[in-house]
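Since we're looking at a predicted model, the values are computed, not measured.
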Amino acid sequence: MGDKVTEVEQHGIAPIPPEEQTSRPRDLFRMAFGGANTFATIILGTLPIAFGLSFWAAMAATVAGVVVGALVLSPMSLFGPLTRTNNAVSSGAHFGVVGRCVGSFLSLLTAITFFAISVWVSGDAVAGAAQRLFGFDGGEVLRGVAYGVIAIATLVVCIYGYRFMLLVNRVAVVLGTAIMLLGIVAYGGTFDPGFAGTGTYALGDFWPTWILAALTTMANPISFGAFLGDWTRYIPARHSRRSLLAAPFLAQVATLLPFGFGIATATLVADPADYITGLTAISPLWYAIPLIVVALIGGLSTGTTSLYGTGLDFSSIFVKLSRVQATLLIGSLSVVFIFVGNFVLDMVSSINAFATLIVLCTSPWMVIMMIGFVLRRGFYDPDDLQVFNQGRKGGRYWFTRGVNWRAMAAWIPATTLGLLTANTPMIAGPLKDIAGGVDISMVVTLCTAAIAYPVLVKLFPEPREVYSYAEPVAEPAVAA
């Protein structure tokens, strides 16, 4: 990969050459914070208010969701510097080189969701601010044009690759932060921290609704789990694990700024479920242009951090596609979802449903990988992780026909039990009332994965060659 921002990145998911691992943990902070310091996070911040919570209850739920999610996320930064590839491919060490397709599915789910959110809210903000500035209502035509422009710009940045994305996120961190802080001047005179809520809770009672808000917030940090390796693969392994753990954790804690912006301003709009329209209506005229800027830059930042990784990963599953071709394919499918989801479906309900799926499907996958990292003492064979991508068979991580059934036997029940106990407006399992209506799905899914995987490994030991102290194994056999 060239050092120039304007050069299209040539690397796919093959191990990054050590001499090209030139990034640092602070670049990881910029990518993780820049990708979340946007309107997509702001809109997630408005949901606790839309669910009926008071300002302080919404803030408490948001802080809890962000901190817990950041703690679960941080260890996912450790894989890339060692494997020199993305986290989905790295997961082949624990799920098997074929079973790692679970990670690819999770990255696709997350990419479509957050790419759609970024385009939806950014396009609506641009359309609303334009109406505020110029006094005309472009309606669905203006919104559609705004969606298209932001989606195309996002695809272009993804095609250029990592260096261009790093530049966009550097700008997003500074500009987005400055404009949101400027919001204190714009809305400070009308904001009331004593806002008591709407009086009607989304799930009927306070605590079930509070847990719902925390889980929805948690989707933001958890969503980065499948993507951290896209960026950490460019960080050399000589950097301390402490700095690698700190970068994504601090980045997520910093997102309390856009979350707080969303919570505070949602208390001011007439209908929190129609937040963008309400925000542009109450904004001072001078703040309309900054809103457009943060919407455009933020849309690019969030959209690229999610879409880039999925295009990268699917080029390894469909090996006839290059990274650029896979990105265009996934991006095109996402654009279709964006238009259908916004003009046909209810956006808030759609976001909530996908956020729930991301948390309950991705978090147990992450837990299994973290436990595996400890059991393997951080040992990975970058070449044998590439077996499936290169059309070969065998190697350290072949297990049983390319699948480590121990990890699968932990992930599938964990995810299933999480969905069965979920209690949200769109996803409500048959066991939703097992704790008096309080959603315990996150606790259930994390505990199931954390207990089942090490127990299965203890009862049915994994092959010796996956551990650093094993004797060398033969080269993978070429597939017939």
(message) Between T267 (side chain only) and A264 (backbone N and O only), is there a donor and an acceptor less than 3.5 Å apart?
(response) yes
(message) Does any part of the side chain of L291, heavy atoms only, come nearer than 4.5 Å to the side chain of L279, both counted from C-beta?
(response) yes
(request) Begin from the C-alpha positions of T177 and N37 and carry the test side chain to side chain donor-acceptor pair (under 3.5 Å) through to its verdict. (result) CA-CA 7 Å; T177 300; N37 193 35; 3.2 Å; yes
(request) Could you pull out the closest heavy-atom pair between A186 and P284, with the gap in Å? (result) O-CG, 3.6 Å
(request) Determine whether Q252 and F224 make a side-chain contact, defined as any pair of heavy atoms from C-beta on separated by less than 4.5 Å. (result) yes
(request) Give, for atom SG of C361 and atom CD1 of I222, the distance between the pair rounded to the nearest 0.5 Å. (result) 12.0 Å
(request) Please assess F195 against W56 for the test side-chain contact (heavy atoms from CB on, under 4.5 Å), listing each intermediate value before the final yes or no. (result) CA-CA 8 Å; F195 177 77; W56 290 112; over 6 Å; no
(request) Heavy atoms only: give me the nearest A213-A61 pair and the separation to one decimal. (result) CB-CB, 3.9 Å
(message) Show, in sequence, the C-alpha distance, side-chain angles and deciding distance for T85 and S90, and conclude whether the side-chain contact (heavy atoms from CB on, under 4.5 Å) test is met.
(response) CA-CA 7 Å; T85 188; S90 298; 3.6 Å; yes
(request) For atom CD1 of I289, decide whether the heavy atoms of other residues, nucleotides or ligands shown that lie under 6.0 angstrom number more than 12. (result) no
(request) Taking all non-hydrogen atoms of both residues into account, name the closest pair between V444 and G418 and its distance. (result) CG1-N, 4.4 Å
(request) May I ask you to decide if V66's main-chain N or O and T217's side chain share a donor-acceptor pair within less than 3.5 Å? (result) no
(request) Output the distance between atom CH2 (W365) and atom OG1 (T415), rounded to the nearest 0.5 Å. (result) 12.0 Å
(message) Quick check: F33 with F29 (ring centres under 6.0 Å apart)?
(response) yes
(message) For the backbone of L244 and the side chain of S77, can you confirm whether one donor and one acceptor N or O come within less than 3.5 Å of each other?
(response) yes
(request) Kindly determine whether T46 and I263 satisfy side-chain contact (heavy atoms from CB on, under 4.5 Å), including the steps that lead there. (result) CA-CA 5 Å; T46 68; I263 294 171; over 6 Å; no
(request) Answer whether the closest heavy-atom distance between the side chains of L245 and L78 falls below 4.5 Å. (result) yes
(request) Measure from the side-chain N and O atoms of S91 to the backbone N and O of A88, and report whether any donor-acceptor pair falls under 3.5 Å. (result) yes
(message) Set out, in order, the CA-CA distance, both residues' side-chain angles and the distance that settles side-chain contact (heavy atoms from CB on, under 4.5 Å) for M366 and V72, then state yes or no.
(response) CA-CA 8 Å; M366 294 163 64; V72 176; 3.8 Å; yes
(request) Please state whether the rings of W210 and W207 are parallel, tilted or perpendicular, taking 30° and 60° as the class boundaries. (result) perpendicular
(message) Is it the case that the side chains of S283 and T280 hold a donor-acceptor pair, with the cut-off being a distance below 3.5 Å and no angle test?
(response) no
(message) Quick check for you: to the nearest 0.5 Å, what is the distance between L82 atom CG and R241 atom CZ?
(response) 6.5 Å
(request) Kindly indicate whether the side chain of Y201, heavy atoms from C-beta on, has any atom under 4.5 Å from the side chain of F206. (result) yes
(request) Measure from the side-chain N and O atoms of N86 to the backbone N and O of V89, and report whether any donor-acceptor pair falls under 3.5 Å. (result) yes
(request) Give the minimum heavy-atom separation between P236 and Q21, together with the two atoms involved. (result) CD-O, 3.2 Å
(request) Check whether any side-chain heavy atom of Y287 lies under 4.5 Å from a side-chain heavy atom of V185, and answer yes or no. (result) no
(request) Going by the side chain to side chain contact (heavy atoms under 4.5 Å, CB included) test, name the single residue among V68, L228, N220 that passes it with L73. (result) L228
(request) Measure the CG-CG distance between D439 and L203 for me, rounded to the nearest 0.5 Å. (result) 8.0 Å
(request) Report the distance from atom CG of L215 to atom CD1 of I440, rounding to the nearest 0.5 Å. (result) 11.0 Å
(request) Indicate yes or no: at least one non-hydrogen side-chain atom of T255 is less than 4.5 angstrom from one of P258. (result) yes
(message) A side-chain contact here means heavy atoms from C-beta on lying under 4.5 Å apart; do L419 and L357 qualify?
(response) yes
(message) Donor-acceptor pair, distance only, cut-off 3.5 Å: does the side chain of N87 make one with the backbone of M76?
(response) yes
(request) Flag the pair F373 / F79 as yes when their ring centroid distance falls below 6.0 Å, and as no otherwise. (result) yes
(request) Identify the heavy atoms of I179 and P290 that sit nearest to each other, and give their distance. (result) CD1-O, 3.5 Å
(request) Compare all side-chain heavy atoms of L420 with those of P430 and state whether any distance is below 4.5 angstrom. (result) yes
(message) Using a 3.5 Å distance criterion without hydrogens, assess whether the side chain of W411 forms a donor-acceptor pair with backbone atoms of I368.
(response) no
(message) As an exercise, state the distance from CE of M180 to CD1 of I42, rounded to the nearest 0.5 Å.
(response) 4.0 Å
(request) Using atom types as modelled and distance alone, determine if a side-chain donor or acceptor of T232 lies under 3.5 Å from a backbone N or O of I235. (result) no
(request) Could you pull out the closest heavy-atom pair between F249 and S74, with the gap in Å? (result) CB-OG, 3.2 Å
(message) Could you check whether any side-chain N or O of S243 sits under 3.5 Å from a backbone N or O of S240, counting only pairs where one atom can act as donor and the other as acceptor?
(response) yes
(request) I would like to know whether S107 and S104 meet side chain to side chain donor-acceptor pair (under 3.5 Å); could you show each step before the answer? (result) CA-CA 5 Å; S107 69; S104 301; 5.3 Å; no
(message) With a 3.5 Å distance limit and no angle check, can you tell me whether T445 reaches the backbone of P364 through a side-chain donor-acceptor pair?
(response) no
